[in-house]
Amino acid sequence: MITLDEEELQKNTQFSKLLLEVSQMLEPGGASASLSKELEEAQRELRMQRKVWFRSEIIHRLLHEMLVDYRVRKDDGSLSEDEIKFLEWLNQSMLVSECLRMISASTFSPPNSVSLLGMGKKDLLDSLPSNTNVFGMTDRFQRQLEESLKKKCFTFLSFHQPETDEEGDVLRAAKALRLASTLEDESRRLKNEKEKQLDIEATLGKQQEMYPQVLLRCLLLMQEAASRLRLQAQSDIDRINAEYLEAKSNALFLKLRMEELQVLTDTYTSEKLEVHRKIRASLEAAAKTEKHELAMSQQILSSYEFLGPEFEELVQEYTCLRDKVKDNRWMLQELCKTLP
């Protein structure tokens, strides 16, 4: 950010030494090197903790979705005896786990505080399901959890890559394993694109700031050139040319109007105009009559609109009248075309 040449550094030797010492303790961005390392380690630890938390949160949500699904099926009466036992085992295990978590959180409370309902960890462990067929329940739970997680992964993969819906499960599983790295690459690419966009916006802002200055300089140069080329004489010439072109265009317009009037006079004689007036009067009278009939028909239709089942007959009658008016209009149009 500071531009220094060799001559300035030679004049200020102490300042040069200070810059060298500071550059060893600071990064190019201006931050402390030790603080940057600590910040990087903290960010790495934060990413690891977030990864662990997200993993636990995903499993917790899958368990709740599994419980909701089993409860809905239980209300519908579509669960077998083994599934009902598995649901009871899962409910009891989840309840004990949640209570253990709350008791573990209460260990950080003051020493004289009382735990939840006066229960300890041993009391809750005694409430766990019996060891009878516990391995079978655990295996079934793991299988269903893996199946739910697989469905979630495939759903997310289908949302991100819809073309994978027609592929096999093995290929989709392989793509799902690479989905995290793919999303990281896309996120990194979007971040780079945003940085490029910010650079472009900054460059554009600088160009917009420079544009008025360049424009003002251009205007000054044009003004100087105009004064050198005797703009005043050129303006007189342009004014005379404009007046000449205006007069010429007015003459052309008058000539065209005269030719138009001459063609109309030759085409339409007094006898033809009289015939056209009569035809127009008859057509206007016929159109007025049809409009009157149409208004009467519409009035009759609106008056019989609330007659209930008889309204269909009125609609048919109105349709016939409308078709008749349409035919009469067509006949009038054809008659107008045939007349000279």
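Side-chain contact, Glu246 with Asn250: no donor N or O sits under 3.5 Å from an acceptor N or O. For Gln197 and Glu193, the side-chain atoms include no donor-acceptor pair closer than 3.5 Å.
Within the 3.5 Å criterion, the main-chain N or O of Leu261 finds a donor-acceptor partner in the side chain of Thr265. Here the side chain of Ser282 pairs a donor or acceptor atom with the backbone of Ile279 at under 3.5 angstrom.
Rounded to the nearest 0.5 angstrom, Trp330 CH2 and Leu335 CG are separated by 11.0 Å.
Two residues are said to be in side-chain contact when any heavy atoms from C-beta on lie closer than 4.5 Å; Arg189 and Glu186 meet this criterion. Looking at Glu271 and Val275, their side chains never come closer than 4.5 Å, going by heavy atoms from C-beta outward. Proximity of Lys324 to Asn328: side-chain heavy atoms (C-beta onward) are separated by under 4.5 Å at one or more points. Lys248 places a side-chain heavy atom less than 4.5 Å from the side chain of Tyr244. Put simply, the side chain of Leu256 does not reach to within 4.5 Å of the side chain of Glu260, judged on heavy atoms.
In Met258, the CE atom is crowded: over 12 heavy atoms of neighbouring residues, nucleotides or ligands sit closer than 6.0 Å.
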Intermediate values then yes/no, side chain to side chain contact (heavy atoms under 4.5 Å, CB included), Glu290 and Leu294: CA-CA 6 Å; Glu290 293 298 333; Leu294 177 61; over 6 Å; no
If you apply the rule side chain to side chain contact (heavy atoms under 4.5 Å, CB included), what do you find for Leu198 with Lys194, and how did you get there? CA-CA 6 Å; Leu198 292 176; Lys194 288 181 179 179; 5.5 Å; no
Can you list the steps and then say if Arg280 with His276 is a side chain to side chain contact (heavy atoms under 4.5 Å, CB included)? CA-CA 6 Å; Arg280 181 175 181 179; His276 284 182; over 6 Å; no
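Of the candidates Arg50, Lys51, Gln43, Gln43 is the only one forming a side-chain contact (heavy atoms from CB on, under 4.5 Å) with Arg47.
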